[in-house]
Amino acid sequence: MFTHHAIHLEGNWPLVYTAYSKHLFYMREAISAFVVEQGLVPLNPFMIFDYFLQERVKRDSVRQANNSLVTRADQVFVFGPISDGVLSEILLARKLGKPIIYYTKEFEVAKLHEAEMEEEVFAHRHLLIEL
C-alpha cells in the first residue's frame, strides 16, 4: 500500500495571481513564499513562464496565458511599481470583479491612491482611480 505525508494534507487554498513588473523579477521566489505563508496558492507568472519562456514562444502567447491565470485566480496581489503589463492585468481583474490588494516591494499593504507606477504608464494613472 502506498503512503505519503501529502495524502493526509487536505486543502483547497484560494488561488492568487501575483502581478509585478519585470523590475521585481529577482523577487519572484520571495513573492511566492509570501503568498504561500498566507495559506494561498501563488499563480506567479515569472515562476511559471520565467521571462517570456526565454523567447521560445511569442510574447503575446505568454500574455494570453497570464490573462487566463488572472481569470482563474480568486484574487490578485499587486507588488511594487505598476508597469504597463501589470496595469492591463489589474484592469482585467477589475473587469472580472476580482479582489485586488496592492503591496509595496517590502510586502506592506498599500492604498490604491498610493500605488506607484513606472514612468511609461504614469499617464494612465487615472485608470486605477476610475471605478
Under the side chain to side chain contact (heavy atoms under 4.5 Å, CB included) test, residues paired with [X] that sit two or more places apart:
X      : value
Pro14  : Leu40, Asp74
Ser88  : none
Lys111 : His113, Glu114

For residues [X] and [Y], determine if any side-chain heavy atom of one lies less than 4.5 Å from a side-chain heavy atom of the other.
X     : Y     : result
Glu89 : Val76 : no
Pro45 : Thr18 : yes
Pro42 : Val36 : yes

Should we say atom [atom1] of [X] is surrounded by more than 12 heavy atoms from elsewhere, each under 6.0 Å from it?
X      : atom1 : value
Glu119 : CD    : no
Lys98  : NZ    : yes
Glu106 : CD    : yes

Check your understanding: How would you list, by chain and number, every residue that makes a side-chain hydrogen bond (donor to acceptor under 3.5 Å, both in side chains) with Ser61, sequence neighbours excluded?
Key -> none
Revision key, fill the gap. In this structure, OG of Ser21 is separated from CE of Met117 (nearest 0.5 Å) by 11.5 Å
Point to revise | CG on Leu69 to CG on Leu92, rounded to 0.5 Å | key: 11.0 Å
Practice item. Would you kindly say whether Asn44 and Tyr17 are connected by a side-chain donor-acceptor distance under 3.5 Å? Key: no
Minimum heavy-atom distance between [X] and [Y], given as atom pair plus value:
X      : Y      : answer
His124 : Leu87  : CB-CD2, 3.8 Å
Ser83  : Glu118 : CB-OE1, 3.3 Å
Phe46  : Arg28  : O-CD, 3.8 Å
Leu112 : Leu128 : CD2-O, 3.3 Å
Ile82  : Tyr102 : CD1-CE2, 4.2 Å
Val16  : Ala73  : C-CB, 4.4 Å

**Study point:** Arg72 side chain to Ser68 backbone, donor-acceptor under 3.5 Å
**Key:** yes
Point to revise | Exam field: side chain Arg94 to backbone Ile100, donor-acceptor pair closer than 3.5 Å | key: no
Practice item. State which residues pass ring-ring contact (aromatic ring centres under 6.0 Å, His included) with Phe107; sequence neighbours excluded, sorted by chain then number. Key: Phe34, Phe79
**Study point:** Residues which pass ring-ring contact (aromatic ring centres under 6.0 Å, His included) with Phe77, listed by chain and number, not counting sequence neighbours
**Key:** Tyr103
Exercise for review: Test Ile90 against Val78 for side-chain contact (heavy atoms from CB on, under 4.5 Å), laying out the working first.
Suggested key: CA-CA 8 Å; Ile90 290 168; Val78 177; 3.8 Å; yes
